[in-house]
Amino acid sequence: MKINTVEDDRVHVLNNNCNVWSVIREIADTGTQEDAFYVCDIGDIVNKHKIWKSAFPRVEPHYAVKCNDSLTVLEVLAALGTGFDCASKAEINKVLDLGVNSNRIIFANPAKPISHIRHAADVGVNTMTFDNEIELHKVKSVFPDAKMVIRIRCDAKVAQCQLGMKFGCDPDNEAPQLLRLAQQLGIDVVGVSFHVGSGCGEPGVFRRAIAQSRKLFDYAATLGYHFNLLDLGGGYPGGQGTSITEIAEIINAALEDYFPDPSVHIIAEPGRFYVASAYTLACNIHSIRGVATKDLVTEAPSTHYMYYINDGVYGSFNCILYDHQQVVGQPLKDYPHSKLHSSSIWGPTCDGLDQVVAETLLPELHVGDWLIFEDMGAYTLPVASPFNGFPIPKVHVVANENVWILLKDILPLTENHFVIGTTAASLAKTMNIDRDAEWILPSLPITISLPICSVGSIMQEHVLDYVDVEPISN
Ligand SMILES: *Cc1c(COP(=O)(O)O)cnc(C)c1O
């Protein structure tokens, strides 16, 4: 099967003894790959789903589409049977286009443009959240049959991204008032939702939030409502080496204590959890500056190395600015026993803000070397821009044979979504650059940049470059 098209976003089935690093290494070793690229392992997403199902037997995940809206991710999750949390008309359409039933979608944006509410009504997405009076009036006017879920505020003391300052009504004062208004307007409210904050660092917050929700279930009953939906929102970690075990223990115990009735439907909206570790980014070092500095301890003169790579904060690493992620760059090549140097990593654009890692220790690297960033699947690609002419990295989606056998016949996935017989090395050609392997420079010694001595000599080179060009035609 022919696979060397630039746009090939099918899943490449690799044999079972490949792993993401070996794939990256093979692609890099072809010498024809220069652009930064991702490898997305859908086996990692399948594995996350298994972890979720065993940690939370009672909690039905509704994947938060904004976290990573790549078609592959959505298709895999649709095949695995998750629901979806959508925040806009376009996200709803994207999920419905996969053939997902509208009842598997929650419209979990408490502040919705009215046309989006109307659209939800048109396509049968009935369940939606709210946290304010105006939203109830809007829903009353364009979608009076909606099933509303009240979003309350309950913030984790520690979180990567707090959400409480923007969404969620006060559960003690505002929520009862909103429920009374909903009752007067004749709007059906069916349950409670919250989001403790993305990248939650305080698992105990879930117990507080579940206890608050219980109070509102009871209050709503006094108004004649019969709530049957509890939505635990997002906040679960998803990077390598993280675990949801502690959060799951706290949530499961709280559910048992406050919501023992199995007829209450429990859902959650994990985003980061499902996708963070599935994506690994490989960036190429294209420039290096050595800067004279002093060793912090010994005060001896030393060199700080500045590595310029071909993806930055305007691309994938926007997650540093918006999602407060801390990323770690690991050299692809082994430099055993080499001395570590004070180093920093910078993106390719001409903006000084475009810094990826401010200070780290790395062996002395060379132009053409690759730096690998793991855990790059959450809140990266959907926000990236090609600012300053640097392209957004392409994604190679891979799976091993076992994952392929598991998924290939589960709609919306089909045999046609997969390509068999690809080797990692041949993936490099799918995003080809117009050079051969010769472009990689021999390891150049880095000299420390000193103040420029004469502008004249630089001018000279430019002039020579200029007169040296080939005539355009003759
Ligand atoms: C962003 C978001 C999520 C996902 O949060 P994670 O921390 O990535 O799990 C879930 N629900 C809502 C309403 C969101 O806005």
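Index from 1, following the sequence. As the structure lists them, so they are numbered: ligands from 1, and atoms in each ligand from 1.
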Please list, in number order, the atoms of ligand 1 under 4.0 Å from a heavy atom of [X].
| X | value |
| --- | --- |
| A64 | 3 (C), 4 (C), 10 (C) |
| R151 | 13 (C) |
| P270 | 9 (O) |
| G271 | 4 (C), 6 (P), 8 (O), 9 (O) |
| A108 | 13 (C) |
| S198 | 6 (P), 7 (O), 8 (O) |
| E269 | 3 (C), 4 (C), 9 (O), 10 (C), 11 (N), 12 (C), 13 (C) |
| R272 | 6 (P), 8 (O), 9 (O) |

For a quick check under 3.5 Å, do T82 and Y274 share a side-chain donor-acceptor pair by atom type?
no
Backbone, side chain, both or neither: what part of [X] comes under 4.0 angstrom of ligand 1, heavy atoms only?
| X | value |
| --- | --- |
| H62 | neither |
| T129 | neither |
| Y379 | side chain |

Residue, atom name and distance, where the atom is the protein heavy atom closest to atom 5 (O) of ligand 1:
H195 NE2, 3.0 Å
Which residue and non-hydrogen atom of the protein lie closest to atom 2 (C) of ligand 1, and at what distance in Å?
K66 NZ, 2.3 Å
Identify whether the distance between the nearest side-chain nitrogen and carboxylate oxygen of [X] and [Y] falls below 4.0 Å.
| X | Y | answer |
| --- | --- | --- |
| D218 | R214 | yes |
| D257 | R207 | yes |
| R208 | E202 | yes |
| K138 | E135 | yes |

Test ring-ring contact (aromatic ring centres under 6.0 Å, His included) applied to F217 and Y258, step by step:
CA-CA 10 Å; F217 268 63; Y258 295 104; over 10 Å; no
Among R272, H324, Q160, side-chain hydrogen bond (donor to acceptor under 3.5 Å, both in side chains) partner for S198
R272
State whether the shortest distance between N or O atoms of G197 and N or O atoms of ligand 1 falls below 3.5 angstrom.
no
Please confirm whether the ring centroid of F259 lies under 6.0 Å from the ring centroid of F227.
no
Using 30° and 60° as the class boundaries, would you call the ring planes of H286 and F390 parallel, tilted or perpendicular?
parallel
